[in-house]
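A short write-up of the structure that comes next.
Keep in mind it's a predicted model, so treat the numbers as computed, not measured.
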Amino acid sequence: MENLGVNLQDYQNTDLVNQVLFGNANATQEQINDLAKALEARDITGQSTLNLTTASGAPLKVESLDKSLKLITFRESDIVLWKKVPKLPAYNTVEEYNQLISYGADRGGFNVEGELPNEEDSQYVRRSQMVKYLGVTKSVTHPMTLVNTMIGNVIDREVKHGTLWILRKLNRALTKGNLDIIPEEFDGLYNQQFKAFNSINDYMDSTSVIDLRGASLSEGDIENGAESIIENFGQGTDFFAPPKIISDFVKFFYAKKFISPNTSEVSNAIMGQRVTALETTYGKINLNYDIFMNKEVTKAFNSAATSPLAPSVITPVALTPVAPAVANSKWATTDAGTYYYAVVPINRFGEGALTVMNPMAIATVLAGGAIDLQFTAAGGANPATGFTIYRSNKAPASLASAIFYPLFSVSTTNLSAGYDGAAAGSIRDNNRFMPNTNQAFLIQNDEECYAFRQLAPLMKMDLAVISPAYRFAILLYGTELLFAPKKMVRYINVG
C-alpha cells in the first residue's frame, strides 16, 4: 500500500526539493497548492470546455436549459385591430362596390295643389380595390426534424411563426397601407379616406380629421369625433390607438378619480384605473390599443438600408426655406427654428439609406413659412416607388447627435408633380404632420362602414422539395374596403 503512488504527505518531505517530479518540471509550492484544490464548477457552459484541460470540474456539468421557449417579440394577443375588422369573402382579384352618395339634391319639395313635383335623381358611385398578396417562405432542414428540441414539432412551430409574421404586416397595413407609394400593397384606412376628398387641403380641413398639434387626447376630442360621425349619418363605436395615446388618456382621470369606499378593491389596496370605454352623448366608445399602430422609428444621419433590394440613395438638389406667409402653413411660433432634413427612398423590399438634404448647414424655418425639398431618385434594378421625409429634432447640437423623425411619405408621382403647394420636382413640408407624435382613429366598427375582403383563408402551401429541407409558404390574399369614409375620424399629431 505504501508504494502505490505519491501522496500529499510526500510533498512535505524536504528531501524531494529540487528533484524532478512532473516530467521535466520541478514541483513549486504553487503547483503543490494547485494539486490540493477542489474541483470547481466555474461559470462556463459545458460546450465552452471542449478540449480544455484547465477547466476543473466544468466539463462534468449538465447544462440547465429552460424547457419552454421565452418570447421576446410580439404575441398573438398583441394583434388587436385585425381581430376586430369585419371580414367578408372576396370572389375576384378586383373587388368592387357601389356607394349611394345622395338621394337627390336637398331643394324644393313643397308644391301647389295638383302640381307635378320636381324630379331628383339618386347619385351612385362605383369604386374598387385590387386584391393584394401577402406571403412569406419558411424552410426547415430534414435533420432539424429528426433531433429532439425544446419546442416540439419544428415545422408546426415555423408555421405559427410565419402566420404571426403575416398578421404583423397585415395589421400595420390596415391603417398605413398606401398603394400609391408601394403598388404591391393595398390602401389602408388612412389613404382610402384621404382619396375620398378632392385635395389634401379639403381633407385636412374637414371634420374627418382632428389635429391635436401635439396635445394629449381628451374626452372632448373623442366627443368631437363621435359628433362628426353622427353628422355624417353614422355611429362611432370603436376607438383604435397606440398604447401611448390610451395611457395618456387614462392618466387624465387619475386626479379626478372617485374612489368608492367599502369596496373589495379599496380594502385590498388595489389602486389605479383601467378605462376600457367612454360614454359620449352619442353612445359608448370602446377603447382599443394596438402596438402596431405606433409611430415609425427614428433614424440617425448614417442609417443604412434595411434590405439589399432596397432602392439606392436619392440625390439632393436643393433645400429651400419658403418665407411667410405660406398658404396652409402649420408652422407656429413654437415650431419655428433650425432643423436638418433627410429623405429615405422606399420600395416593396424595404427602405434605402437615409440621405441628409443639408449636411453642411442647418435650415431655418420661420412661423408661417415652409420648407421645400428638391431631390432626384436613383434608378437601378429596384427603383424607389416612394419616399419618406424626415426632420431632425429642433436645434440639434450637431448632425451626428441629431434624431431624425419620420413626418410623411410621398409617391414618385407626388415628387414629379410637386407636393402640397411646391413646384414640380419638390416636396413641401407645411408642418401638417409633427415629429414624435402618434395617430389614431374612431370608426363605426361594422360591415356598413368597412371590411376586409379575403379571396382565400390564410393558408400554408407546401413547396417542391429540391434539397433535404421542407419549404412552405404562408399566404393571405385580400384587400381592405372603406365603404363610408366619413363614418371614420382620423386623429393626427397626438402627443
Test side-chain contact (heavy atoms from CB on, under 4.5 Å), reference P406, set E296, K299, E351, output is E296
Please tell me if the side chains of [X] and [Y] come closer than 4.5 Å, counting only heavy atoms from C-beta onward.
X    : Y    : result
L88  : F452 : no
R432 : N201 : yes
L476 : L170 : yes

Pair listing, salt bridge (Lys or Arg N to Asp or Glu O under 4.0 Å) test, anchored in residues 330-350, at least two apart: E184-R348
Apply ring-ring contact (aromatic ring centres under 6.0 Å, His included) to Y203 and F197, showing your working. CA-CA 6 Å; Y203 178 52; F197 294 82; 5.3 Å; yes
Applying ring-ring contact (aromatic ring centres under 6.0 Å, His included), can you list everything that pairs with [X], at least two apart in sequence or on another chain?
X    : answer
Y341 : none
Y340 : none
F408 : Y419
Y450 : none

Listed by chain and number, what are the side-chain contact (heavy atoms from CB on, under 4.5 Å) partners of [X], not counting sequence neighbours?
X    : answer
M144 : V140, T141, V147, T149, V154
V159 : I155, T163, K460, F472, I474
V297 : none
A377 : F387

Who pairs with Q439 by side-chain hydrogen bond (donor to acceptor under 3.5 Å, both in side chains), at least two apart in sequence or on another chain? R490
Do we get K160 above W165's six-membered ring, with its NZ or CZ under 6.0 Å from the centre and within 45° of the axis? no
Do R391's NZ or CZ and the ring of Y339 fall within the cation-pi criteria of under 6.0 Å and 45°? yes
Can you pull the ring-ring contact (aromatic ring centres under 6.0 Å, His included) pairs that have at least one residue in residues 429-449, sequence neighbours excluded? F240-F441
Name all pairs fulfilling the side-chain hydrogen bond (donor to acceptor under 3.5 Å, both in side chains) condition that reach into residues 476-488, sequence neighbours left out, sorted by first residue then second. E448-K487
When you measure from the side chain of N232 to the backbone of S228, do you find a donor-acceptor pair of N or O atoms at a distance under 3.5 Å? yes
Hey, would you say the F483 and Y97 ring centroids sit under 6.0 Å apart? yes
